[in-house]
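So you know, we letter chains A, B, ... as the sequences are listed, proteins then strands, and number each from 1.
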Number of protein chains: 2
Amino acid sequence: MTAEAAPRKNRPAGRPAQKILSKEGITVAALKLIAAGGYEALTMSGLARRLGVAPSALYNHVASKHDVLVMVQDHVMAGVDVSGFGTEPWAEAVRRWAWSYRDVFSLHTPLIPVIAVLPVTGAPRTLAMYEELTAGFLAAGWPQPLIVPAIVALESFIFGSAYDVTAPEDIFESGELAAANPKFTAAVRARQRDGGGTGSRTADAAFRLGLEGLISGLEAQRQGWAEGGGQAAAGR
Amino acid sequence: MTAEAAPRKNRPAGRPAQKILSKEGITVAALKLIAAGGYEALTMSGLARRLGVAPSALYNHVASKHDVLVMVQDHVMAGVDVSGFGTEPWAEAVRRWAWSYRDVFSLHTPLIPVIAVLPVTGAPRTLAMYEELTAGFLAAGWPQPLIVPAIVALESFIFGSAYDVTAPEDIFESGELAAANPKFTAAVRARQRDGGGTGSRTADAAFRLGLEGLISGLEAQRQGWAEGGGQAAAGR
DNA sequence: ACCTGAACACCGTTCAAGT
DNA sequence: ACCTGAACACCGTTCAAGT
């Protein structure tokens, strides 16, 4: 297929004439493996096979498989669209960013537990995204203390929604328990779908509703903060 | 410690006089294992050891480890507080539910990928929770087509936020990249924390902001729907 | 420094044999 | 039907040996 990863043919032991592996190469190979066979296909030996090396060779470049996931994550993050910040109104920029973020990570849900707890130090592109976001929030007049909590809230919603995209369409069919749960069963039948039809975009309808709610609701929280002189709204 | 799982002492092969395992017993043992050593400790052989059987014996009662996670999930779900629905105003009931849901699953984040795509058919307690929720939304006057999308949106936010609870406090420290990302670095320093101090509840501040935003924003979306005669708000 | 090859300590799961 | 015990096909990771 591609020429870059010529299969190893009985290469002798010992340090090779010029080095074969690099972090960048490992990351690219990992992304190809994922594209071809999903995250199940991403194993250290699968990665080594594709790169034409022994599995143990990988450990000269990464400390663990977790390291590989971090590298993949930072690469994938480049696909998130922050172009609206600086060119569009705040709400519109958030919309563009949020939809692209969800779409990208719905194809990479196994990265979510990794990103969600990952110190940004190790992920320069992710950090760059946050910098763009922050600039956009500041330009829209957001008070500094609310910016990080607002971004975290939006991201939390996006991560959860990315899982939802991967759920089967009939996830809420109550089956034989329908009779015991009539109100929910009826609500599932009547639920709003995106596009108005019975097409398979129930995840989109929920994401749109939540995102529009969050955008207007965060805006309201911001007003409340300004009026309250620096305290957040109603508590637990 | 407990008497129930007396260690096996050279029990002979063959069907025992009376059966030793049950789904309920396996679930309880799994929860104890998790409480003691987290999800790393939940292995099929660890489970078998605690129950005093051979690992293969478990497969007479469950088809896979995924089955065990589903059973654990339904058990954990019982800890979510839906008592507000029917006794409190809608917003207050949602608050109580959402905080308890997040708190419970922040201790069980490995279940999130399982629940998020799990057909409710296999999880009766989860289904019962949705029934309660739906009743509460209906009683508050929610239009039927918006109820499921609204619940899904709230749940997505809750799942994402549960991960956030487990993140290290210094997750946003930009380290040596601080100079290249000045606005974000400053926003992190200035960020709102719950309780007003520098205590470790940054996750709570973000959750509160997002939840209050969602509650008021969803309320606004509901108004928009009523006024628009049955269409949702601004699109992609 | 950076590769090979063998080995280690696990996983989840299958299956024949036993009562 | 429901257990044991051995075996299988994987994992990620370590480490001595080689250049």
Side-chain angles (χ1 to χ4, degrees), chain A residues 4-27 29-30 33-34 36-73 110-111 113-114, chain B residues 4-27 29-30 33-34 36-73 110-111 113-114:
Chain A
E4 72 187 272
R8 154 172 69 117
K9 336 183 158 181
N10 47 15
R11 182 188 306 113
R15 186 186 187 189
Q18 68 169 30
K19 69 182 205 161
I20 302 162
L21 296 176
S22 68
K23 286 193 189 235
E24 182 64 19
I26 292 172
T27 308
L33 228 41
I34 292 162
Y39 278 82
E40 301 164 44
L42 183 60
T43 65
M44 295 304 271
S45 44
L47 204 44
R49 196 178 321 116
R50 181 176 251 283
L51 288 161
V53 297
S56 53
L58 296 168
Y59 291 88
N60 289 306
H61 302 265
V62 298
S64 64
K65 182 176 178 180
H66 184 261
D67 265 20
V68 176
L69 291 175
V70 169
M71 283 153 43
V72 168
Q73 181 269 327
L111 292 179
V114 175
Chain B
E4 72 186 274
R8 157 171 69 117
K9 336 183 155 179
N10 47 14
R11 182 188 306 113
R15 187 188 186 187
Q18 68 169 30
K19 70 184 204 160
I20 301 162
L21 296 175
S22 68
K23 287 194 188 232
E24 182 63 20
I26 292 171
T27 308
L33 228 41
I34 293 161
Y39 278 82
E40 301 163 47
L42 182 60
T43 65
M44 294 303 271
S45 45
L47 205 44
R49 196 179 321 115
R50 182 176 252 283
L51 288 162
V53 298
S56 52
L58 295 167
Y59 291 88
N60 289 305
H61 302 266
V62 299
S64 64
K65 183 176 178 180
H66 183 261
D67 265 20
V68 176
L69 291 175
V70 170
M71 283 154 41
V72 168
Q73 181 269 329
L111 291 179
V114 175

- Query: What closest approach, in Å, do B/Thr27 and B/Met71 show between heavy atoms, and which atom pair accounts for it?
  - Reply: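 Of all heavy-atom pairs spanning B/Thr27 and B/Met71, the closest is OG1-CE, 3.0 Å.
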- Task: Determine the minimum heavy-atom distance between B/Tyr59 and B/Ser64, stating which atoms define it.
- Result: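 Smallest interatomic distance, heavy atoms only, reads CE2-CA, 4.2 Å.
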For [X] and [N], give me the distance from atom [atom1] to atom [atom2], rounded to whole Å.
X       : N      : atom1 : atom2 : value
B/Lys19 : C/dG18 : NZ    : C1'   : 19 Å
A/Leu21 : C/dT4  : CG    : C1'   : 12 Å
A/Leu51 : C/dC3  : CG    : C1'   : 13 Å
B/Arg49 : C/dG12 : CZ    : P     : 11 Å
A/Leu33 : D/dC11 : CG    : P     : 11 Å
B/Tyr39 : C/dC11 : OH    : P     : 17 Å
A/Leu42 : D/dC10 : CG    : C1'   : 15 Å
A/Ile26 : D/dG12 : CD1   : P     : 14 Å

Is [Y] close to [X] at the side-chain level, that is, under 4.5 Å between some pair of heavy atoms?
X       : Y       : answer
B/Val62 : B/Val70 : no
B/Asp67 : B/His61 : no
A/Leu51 : A/Leu21 : yes
B/Val68 : B/Leu58 : no
A/Ile34 : A/Val72 : yes
B/Asn60 : B/Lys19 : no

- Task: By nearest nucleotide on DNA chain C, pick out whichever of B/Gly46 and B/Pro16 is the more 5' one.
- Result: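 Checking each residue's closest nucleotide, the 5'-ward one belongs to B/Gly46.
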- Which ones in residues 56-65 of chain A lie close to DNA chain D, meaning a heavy atom under 4.0 Å from one of its atoms?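 Only A/Ser56, A/Tyr59, A/Ser64, A/Lys65 qualify.
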- Message: With a 4.0 Å limit, can you tell me whether B/Arg15 has a side-chain N or O closer than that to the phosphate oxygens OP1/OP2 of C/dG18?
- Response: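 Checking C/dG18 against B/Arg15, no side-chain N or O comes under 4.0 Å of OP1 or OP2.
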- side chain to side chain contact (heavy atoms under 4.5 Å, CB included) with B/Ser22: which residues, sequence neighbours excluded?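 For B/Ser22, the residues satisfying side chain to side chain contact (heavy atoms under 4.5 Å, CB included) (neighbours in sequence not counted) are B/Glu24.
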- Pair assignment for DNA chain D - dot-bracket with | for other-strand partners, Watson-Crick or G-U under 3.5 Å: ||.|||||...|||||.||
